Student: 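Pasting a structure here, questions to come.
One is the number of the first residue; the rest follow in order along the sequence. Just so it is clear, the structure is predicted and the values come from calculations on it, not from any experiment.
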Amino acid sequence: MATSAQVQQLYIALLGRAADKPGLDWWLENINGGERTLEQAAAAFTTSEEFVSTYGSLQGAELVTAVYTNLFERTPSQEEVAYWVADGRPADELLSAFLTYASPADQTVINNKVTVAQYYTEAAGSEIDLDAAAAIIANVNGTAVSVSTALQNLPVSDATLTAALAEWEAAVEARETFLASLDLDNDGETSDTLASDVTALVDAIGTGPVGDFNALVGSTVLTASSSVAAQNAAFAAARAELQVDISNQEAVVTDAQAAVTALGDSLDVNRYIAALEAENNTKGAVTAANAAAAGAIASYNTLNTVDVADSEYVVSAGTTTLSGNLASVAQVQDGVIVAKPGFTEATNPGITSLLSAVNADVAAEIADDEAEAALTTAEGRVGDGTATSAGYGAVDTLISAQEALEQLEAVTAVELEALIADVQEAYSLNAQLTALNTAAGNAFADIDGAELVDAPLEGGTLGADLFIFVEGTDSDVSLGATDRLFFGSEYSLVDLEGADPLTANVGDVNALEVFWEVDTLAGNTVLYVENEAFSGNATGDNFTTITLTGVTAELELTSGFVQLA
């Protein structure tokens with residue numbers, strides 16, 4: 001049974017190149033199927049057209065030297081040449097003999113060449129380039145550096161890139177779908193800017209929810225890259241810090257309450273506190289009554305042609321005054337607003353509900369006025385004299401302390417936990433985005449020597465750059481021998497041969513096309529890519545122009561990839 005390494009040795013020694021995938025597979029199947037022996041395969045190599053065109057005229061010392069150099073990357077000594085020439089073996093038998101008697105150093109060289117050749121064969125697949133297959137092993141010697149240097153220049157087949165490109169496009173689409181669904185500022189709209197800038201989400205974590213969180217707790221700082229452990233530690237610290245603040249404020253309230261209690265009833269402090277509480281309650285009742293009256297007025301106005309306004313009843317010093325349209329349908333009797341004679345539900349639908357709500361609003365305002373008066377009296381008693389002024393200050397301190405405590409407790413119960421939830425969501429979104437970005441980046445990670453470059457960018461790295469065509473964006477691209485520019489299978493390539501794409505009637509009106517011509521003066525090749533299918537006589541806006549800097553060679557388009565022919 002022959003191995004792929006043994007067949008690679010035939011290609012290296014007798015053809016001076018790495019094997020092409022179809023040829024390697026055919027010889028392995030042929031030999032292992034019993035049709036030929038490995039030795040017979042070597043003999044067949046020496047009768048091939050490729051061998052004859054390269055080595056057919058070589059005899060004796062020249063043949064020994066050529067095979068020796070192909071195998072061991074060195075020129076044989078005079079003694080070695082003389083020995084093998086005298087031995088008189090044909091080329092196919094020389095290979096077997098050279099391998100049998102190879103020194104450890106020479107064996108390392110051939111092993112390294114086979115290793116690189118194997119990688120090349122798998123990478124190139126069926127898209128063999130004879131010159132590239134020879135060049136990839138030409139300088140491989142017994143060092144590891146020569147192997148790694150050669151492997152940096154492995155080709156990438158169109159089929160491999162097509163599969164990777166499909167994976168990349170799916171990953172990018174998933175990322176864009178995710179970004180388009182976000183509404184970080186809770187305005188009900190997704191952000192176009194966010195969808196086009198994948199770093200915006202990370203920035204938002206640093207300046208949005210996390211920024212607010214840091215402002216709240218002060219001493220606990222999170223960043224966009226904080227770990228889960230750091231987040232949990234910050235949350236725990238925030239809760240603990242607020243609990244300390246609450247405990248401290250509870251002590252302030254206790255001290256303020258003790259100061260008020262120590263003043264005693266002689267200063268009417270408790271009466272003032274009760275009056276203050278009553279006045280707060282009446283203000284709340286006024287707010288509710290105002291809203292109810294406004295609703296009743298709106299309902300009444302929808303049922304009647306003459307509108308009533310909430311400004312048409314006014315309470316002053318306990319007296320209610322009516323004006324406008326309300327005064328035309330109602331009057332005040334014994335302090336109560338009633339309908340005038342002749343105005344009923346039949347004539348003015350909704351008047352009963354209207355007057356009921358207005359009377360309730362009036363009553364609430366009168367009660368609030370009375371509460372304010374009582375509070376003013378209580379304040380006067382508490383503030384009577386030097387000693388009682390101190391009592392008024394003590395009450396004010398107590399009320400402020402209680403309000404501060406209520407605010408802190410609200411933060412603990414609602415605001416802090418909601419803010420922590422926002423922070424956790426932001427980190428979760430960032431983790432999802434990171435995973436999507438990683439998926440997009442990994443699409444080409446397993447292709448040796450391949451690198452994704454979104455056009456328009458400069459290329460020129462070792463290996464094979466894959467440029468992605470961006471419609472509407474004119475660009476300059478450095479296209480090397482192993483680089484590819486992807487347009488898609490729907491495009492075809494048209495050589496302008498000096499014709500003007502803006503005026504000449506060239507191409508297919510029903511197909512998307514890439515027109516190309518060489519600018520001999522500049523030493524570049526210019527591509528005119530149709531943004532829509534047409535045939536000549538188009539404006540410049542219908543093209544995307546790509547300049548291939550330093551390229552004057554023929555181009556070819558295969559499976560949607562443009563590359564040097």
Student: Among residues at least two apart in sequence or on other chains, which ones pass ring-ring contact (aromatic ring centres under 6.0 Å, His included) with Phe45?
Tutor: Tyr11, Trp27
Student: When you measure from the side chain of Glu122 to the backbone of Tyr119, do you find a donor-acceptor pair of N or O atoms at a distance under 3.5 Å?
Tutor: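 Between the backbone of Tyr119 and the side chain of Glu122 there is no qualifying donor-acceptor contact (under 3.5 Å).
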Student: Look at the side chain of Thr525 and the backbone N and O of Val551, then say whether any donor-acceptor pair between them is shorter than 3.5 Å.
Tutor: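 Pair found, side chain donor or acceptor close to backbone of Val551.
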Student: Are side-chain heavy atoms of Val514 and Val494 found at a separation under 4.5 Å?
Tutor: no
Student: Assess the residue pair Asp129 and Tyr120 against the criterion (side chain to side chain contact (heavy atoms under 4.5 Å, CB included)); give the C-alpha distance rounded to whole Å, side-chain angles, the decisive distance to 0.1 Å, and a yes or no.
Tutor: CA-CA 10 Å; Asp129 182 302; Tyr120 176 88; 4.1 Å; yes
Student: Side chain to side chain contact (heavy atoms under 4.5 Å, CB included) between Tyr101 and Trp84: does it pass, once the steps are laid out?
Tutor: CA-CA 12 Å; Tyr101 296 105; Trp84 291 113; 3.9 Å; yes
Student: If we ignore hydrogens and angles and just use 3.5 Å, is the side chain of Asp92 paired with the main-chain N or O of Ala42 as donor and acceptor?
Tutor: no
Student: Within the side chain of Asn524, is there an N or O that forms a donor-acceptor pair under 3.5 Å with the backbone of Gly550?
Tutor: yes
Student: Contact between Thr545 and Val526 at the side-chain level, heavy atoms closer than 4.5 Å - yes or no?
Tutor: yes
Student: Tell me every residue that passes side chain to side chain contact (heavy atoms under 4.5 Å, CB included) with Ser4, counting only those two or more places apart in sequence or in another chain.
Tutor: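 Side chain to side chain contact (heavy atoms under 4.5 Å, CB included) check on Ser4 returns Leu24, Leu28, Gln118.
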Student: By the salt bridge (charged side-chain N to carboxylate O under 4.0 Å, His left out) test, which pairs, at least two apart or in different chains, include something from residues 46-68?
Tutor: Arg17-Glu50
Student: Are Glu73 and Asn139 close enough, and set up right, to give a side chain to side chain contact (heavy atoms under 4.5 Å, CB included), and what steps lead you there?
Tutor: CA-CA 7 Å; Glu73 199 62 26; Asn139 296 312; 4.2 Å; yes
Student: Applying salt bridge (Lys or Arg N to Asp or Glu O under 4.0 Å), can you list everything that pairs with Glu80, at least two apart in sequence or on another chain?
Tutor: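 Once residues adjacent in sequence are excluded, the partners of Glu80 under the salt bridge (Lys or Arg N to Asp or Glu O under 4.0 Å) criterion are Arg74.
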Student: For Asn111, enumerate each residue passing the side-chain hydrogen bond (donor to acceptor under 3.5 Å, both in side chains) test, keeping only those at least two apart in sequence or located in another chain.
Tutor: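 Applying side-chain hydrogen bond (donor to acceptor under 3.5 Å, both in side chains) to Asn111 gives Gln107.
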Student: Got a sec, which residues hit side chain to side chain contact (heavy atoms under 4.5 Å, CB included) with Ile12, two or more places apart in sequence or on another chain?
Tutor: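 Ile12: side chain to side chain contact (heavy atoms under 4.5 Å, CB included) contacts with Ile110, Lys113, Val114, Ala117, Ile137.
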Student: Can you list everything that forms a side chain to side chain contact (heavy atoms under 4.5 Å, CB included) with Thr149? Sequence neighbours excluded, please.
Tutor: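 Expected list: Val145.
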Student: Who are the salt bridge (Lys or Arg N to Asp or Glu O under 4.0 Å) partners of Asp25, not counting sequence neighbours?
Tutor: Lys21
Student: Could I get the full list of ring-ring contact (aromatic ring centres under 6.0 Å, His included) partners for Tyr68, not counting sequence neighbours?
Tutor: Phe72, Phe98
Student: So, do Thr47 and Val52 sit near enough that their side-chain heavy atoms are less than 4.5 Å apart?
Tutor: no
Student: To the closest 0.5 Å, what do you measure between OG1 (Thr544) and CG (Leu527)?
Tutor: 11.0 Å
Student: Applying side chain to side chain contact (heavy atoms under 4.5 Å, CB included), can you list everything that pairs with Ser146, at least two apart in sequence or on another chain?
Tutor: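 Here the qualifying residues are Val140, Asn141, Thr143.
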Student: To check you understand the geometry: which heavy-atom pair defines the closest contact between Leu15 and Ser48, and what is its length?
Tutor: CD2-OG, 4.0 Å
Student: My understanding is that only residues two or more places apart in sequence, or in another chain, count here; which of them pass salt bridge (Lys or Arg N to Asp or Glu O under 4.0 Å) with Asp87?
Tutor: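 Once residues adjacent in sequence are excluded, the partners of Asp87 under the salt bridge (Lys or Arg N to Asp or Glu O under 4.0 Å) criterion are Arg89.
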Student: Could you tell me which residues satisfy salt bridge (Lys or Arg N to Asp or Glu O under 4.0 Å) with Glu29, sequence neighbours excluded, listed by chain and number?
Tutor: none
Student: Where the side chain of Glu530 meets the backbone of Glu513, is there a donor-acceptor pair that is under 3.5 Å apart?
Tutor: yes
Student: Could you tell me if Tyr528 and Glu517 have a donor-acceptor pair between their side chains, going purely by distance under 3.5 Å?
Tutor: yes
Student: In Å and rounded to the nearest 0.5 Å, what is the CD to CG distance from Gln9 to Leu38?
Tutor: 8.5 Å
Student: Please report the C-alpha distance between Val109 and Leu71 in whole Å, then the side-chain angles of each, then the deciding distance to 0.1 Å, and finally whether the side chain to side chain contact (heavy atoms under 4.5 Å, CB included) criterion is met.
Tutor: CA-CA 7 Å; Val109 175; Leu71 277 176; over 6 Å; no
Student: Measuring from atom CD1 of Ile31 to atom CD of Gln40, what distance do you get when rounded to the nearest 0.5 angstrom?
Tutor: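 It is 9.5 Å, given to the nearest 0.5 Å.
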Student: Between Ile136 and Ala150, what is the shortest heavy-atom contact and its length?
Tutor: CD1-O, 3.2 Å
Student: Heavy atoms only: give me the nearest Leu557-Ser492 pair and the separation to one decimal.
Tutor: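 Heavy atoms only, the tightest pair is CD1-C, 4.3 Å.
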